[in-house]
2 protein chains.
Amino acid sequence: MKTMTIGKVAKKSGVGVETVRFYERKDLIDQPPKPPFGGFRIYPAETVEHIRFIRQAQELGFSLREIKELLSLRLDPTADCADVRERAQVKLKEITRKITAMKGIQSALEKLIASCPGEGSIQVCSIIDAIETPETTRRELKKKEKKS
Amino acid sequence: MKTMTIGKVAKKSGVGVETVRFYERKDLIDQPPKPPFGGFRIYPAETVEHIRFIRQAQELGFSLREIKELLSLRLDPTADCADVRERAQVKLKEITRKITAMKGIQSALEKLIASCPGEGSIQVCSIIDAIETPETTRRELKKKEKKS
DNA sequence: ATTGACTCTATACTTAGGTGTAGGGTTTAT
DNA sequence: ATAAACCCTACACCTAAGTATAGAGTCAAT
């Protein structure tokens, strides 16, 4: 449990060694310094949590670039508080929108399941209808639609 | 508004013409037949909704393969009802899990914003902590951890 | 009846996010 | 003290999801 090398980090966080290195190259996680005069790098336990976070966030539709942004919101003593706050608010909006859309699919699936209890025929159940394009997007699209 | 060709579909759904064709090649949307003896394909209005659905679902972290699975749950008179039901249940679980994780990030961001009201120093606010690795995953990982 | 905007097929290129491998050095268990 | 198991750097390769281009045909407005 003591000397955590890259292989253990990888195993604990459920990714491959090469993926850990890839995240290091992309500056998503810190690469610990190599002990002076040869040997292997030792990783702090947090690295595992960081990688798990990255994977979770990816599952939720965030790109590595966006995840880097999310991570940059962490305690950063040099950062301007108001700036962090603002960026956090942008992200919050984004996530709230996603949750709403996700719930749309969720309830569509629930309806689908309910309407298909083993007997009778499924008549209507387009999940597509469940995801109404949000207002903002509609407005944007309207502009582009001009020429029809 | 009558003869909707591929360019109009693209514009209305907010993607490029090549993307529409790409989705056709991948069988995510149907390619309408070419009118006998030359000419352009005419698209039904639904195609636009389909593409919007695809984009939304992508935003939410679904791959095109998964989206195809979601779409296959739509009214399909030939499909075995019990089978559709089962697949829908799998997807529902997946989505419910995502919503939970998303809410984790959401409340972490809310806390971050609250703890940074312009004055005082931000002490603790690791969004990372907010996303606790879910039980199931932890158990899975435990197995693999064996050798430490 | 011609021109500009659009479509068609086919193929090549790009970007993100990894994954694999070669050719070495290091640790650790025996 | 040696072999298996691991690490290191560097670079090549892969898949998903587009995006671009070429070269030819079609349509609609003047």
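Note on naming: letters A, B, ... go to the chains in the order of the sequence lines (proteins, then strands), and numbering restarts at 1 for each one.
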(request) In whole angstrom, give the distance that lies between atom NZ of K34(A) and atom C1' of dT9(D). (result) 8 Å
(message) OP1 or OP2 of dG18(D) versus the side-chain N and O atoms of R55(B): is any pair under 4.0 Å?
(response) yes
(request) Send over the distance from I29(A) CD1 to dG18(C) P, rounded to a whole Å. (result) 11 Å
(message) For residues F40(A) and M4(A): do they belong to one hydrophobic cluster (side chain heavy atoms under 4.5 Å, members Ile, Leu, Val, Met, Phe, Trp, Tyr)?
(response) no
(request) Would you kindly confirm whether F22(B) and V20(B) end up in one hydrophobic cluster when ILVMFWY residues are joined by side chain heavy atoms under 4.5 Å apart? (result) yes
(request) With the side chain of R41(A) defined as its heavy atoms from C-beta on, choose the nearest nucleotide among dG18(D), dT9(D), dG18(C). (result) dT9(D)
(message) Which nucleotide wins on minimum distance to the side chain of Q31(B), given the candidates dG17(C), dT19(D), dT9(C)?
(response) dT9(C)
(request) Round to the nearest Å and state the distance from R25(A) atom CZ to dT15(C) atom C1'. (result) 16 Å
(request) Identify, between G16(A) and G39(A), the residue whose nearest nucleotide on DNA chain C lies closer to the 5' end. (result) G16(A)
(request) Validate the cation-pi geometry between K98(B) and F62(B): distance from NZ or CZ to the six-membered ring centre under 6.0 Å, angle to the ring axis within 45°. (result) yes
(request) Go through dC8(D), dT9(C), dT19(C) for me and flag the one nearest to the I6(A) side chain. (result) dC8(D)
(message) I want to check one thing: is the phosphate of dA17(D), taken as OP1 and OP2, less than 4.0 Å away from some side-chain N or O of Y23(B)?
(response) no
(message) Please report the distance, rounded to the nearest Å, between CD1 in I67(B) and C1' in dG18(D).
(response) 13 Å
(request) Could you please name the option among dA10(D), dC6(D), dG17(C) that lies closest to any side-chain atom of F40(A)? (result) dC6(D)
(request) May I ask you to test the L92(B)-Q106(A) pair for a side-chain heavy-atom distance under 4.5 Å? (result) yes
(message) To check you understand the geometry: which heavy-atom pair defines the closest contact between E66(B) and G61(B), and what is its length?
(response) OE1-O, 3.8 Å
(message) Can you identify which nucleotide, out of dG17(C), dG18(D), dA20(D), has its nearest atom closest to the S63(A) side chain?
(response) dG17(C)
(request) Please determine if a side-chain N or O atom of R21(A) lies less than 4.0 Å away from the OP1 or OP2 oxygen of dG20(C). (result) no
(request) Using atom CD of E24(A) as one end and atom P of dG17(C) as the other, report the distance to the nearest whole Å. (result) 17 Å
(message) Can you tell me which nucleotide in dC8(C), dG18(D), dT21(D) comes closest to the side chain of L64(B)?
(response) dG18(D)
(message) I need the CD-P distance between E18(A) and dC14(D), as an integer number of Å.
(response) 16 Å
(message) On the nucleotide dT19(C), are OP1 or OP2 found under 4.0 Å from the side-chain N or O atoms that T19(A) carries?
(response) yes
(message) What is the distance, to the nearest angstrom, from the CZ atom on F22(B) to the C1' atom on dT15(C)?
(response) 13 Å
(message) Just N and O in the side chain of T5(A): are any of them under 4.0 Å from OP1 or OP2 of dC6(D)?
(response) no
(message) Just the rounded figure in Å: distance from P of dC6(C) to CE of M4(B).
(response) 16 Å
(request) May I ask you to decide if G14(A)'s main-chain N or O and R52(A)'s side chain share a donor-acceptor pair within less than 3.5 Å? (result) no
(request) Determine the contact category for G7(A): base if any of its heavy atoms lies under 4.0 Å from a base atom, sugar-phosphate if only primed atoms, P, OP1 or OP2 are that close, otherwise nothing. (result) sugar-phosphate
(message) When you measure from the side-chain N and O atoms of Q58(B) to the phosphate of dG18(D), is any distance below 4.0 Å, counting only OP1 and OP2?
(response) yes
